[in-house]
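This report concerns only the one structure given below.
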Amino acid sequence: MDRLPSAKIRDSLEQRIVEGELGNGKRLDETELSDFYGVSRTPVREALQRLAESGLAEHLPRRGTFVRAPSLSQLVEMFEVMAELECMAIRLAARRATIDDIDALEKDNETCRAAVAANDTKKYYEVNARLHSRIYQMSGNSFLASEARRLHDRLRPFRRLQLRVRGRMEESMAEHDIILAALRDGDADRAMETMKKHITIVGVRFNDLVSSFNRIMGDE
């Protein structure tokens, strides 16, 4: 019966939440979700646990699990910290990465390019996440890598949603190319400057985030 793994159910729930289908405060009933996805309650329960760990849901004893979207200010703060962690990782990677490390990064980047050509946001996000995780590893700082991955995981539904904005995949791809060239050259300053632009939520990106947040909160 359980052909759909808990990770896929979690992905689906995240998408339904950030798109506003499952509004803030809605109770996530295990039985209803099991029927919806055609699985037993076990993978649903695992998916809800992961959702709570990511901060998109809250489990209340004897009451159940409810959608709990972060506030807009919390989202902005998390993106600010994410930008700083990514900049620190890329700065260290520019000093410590080997040629083999950068070659592996280039392969991921080319897979991202193919996803852009196919207009496949799902594939782009998956490979993009792997590319960033590889940069954390290249930093040579395991604590930094662990913290960056943890926050990246919390922000993933919102980062994924951003890629649906027209032109954002192409913009992201261009930033990747600059970062990779800077790594090849050992230019930490240029790599950091581009990475900060790559992650930071300002200007139009902030407006897009507000629009997405309003859908989640049911304000539109």
Does atom CD of Glu14 have more than 12 heavy-atom neighbours, drawn from other residues, nucleotides or ligands, at distances under 6.0 Å? yes
State, yes or no, whether a side-chain contact exists between Pro43 and Tyr37 at a heavy-atom distance under 4.5 Å. no
Flag the pair Ile102 / Met138 as yes when at least one side-chain heavy-atom distance between them is below 4.5 Å, and no otherwise. yes
For the residue pair Asp177 and Arg113, establish whether any side-chain heavy-atom pair is separated by less than 4.5 Å. yes
Can you measure from SG (Cys87) to CE (Met82) and round to the nearest 0.5 angstrom? 10.0 Å
Could you check whether Glu32 pairs with Arg27 (Lys NZ or Arg NE/NH1/NH2 to Asp/Glu carboxylate O, under 4.0 Å)? no
Looking at every heavy atom in both Ala191 and Ile179, which two are closest together, and how far apart are they? O-CG1, 4.2 Å
For Ala83 versus Thr200, what's the shortest heavy-atom pair and its separation? CB-OG1, 3.7 Å
Would you please classify the geometry between the His152 ring and the His132 ring as parallel, tilted or perpendicular, with 30° and 60° separating the classes? tilted
Salt-bridge present (Glu53, Arg150; N to O < 4.0 Å): no
Hydrogens and angles aside, do Thr111 and Asp108 bring a side-chain donor and acceptor to less than 3.5 Å of each other? no
Are Thr121 and Arg160 linked by a side-chain donor-acceptor pair shorter than 3.5 Å? no
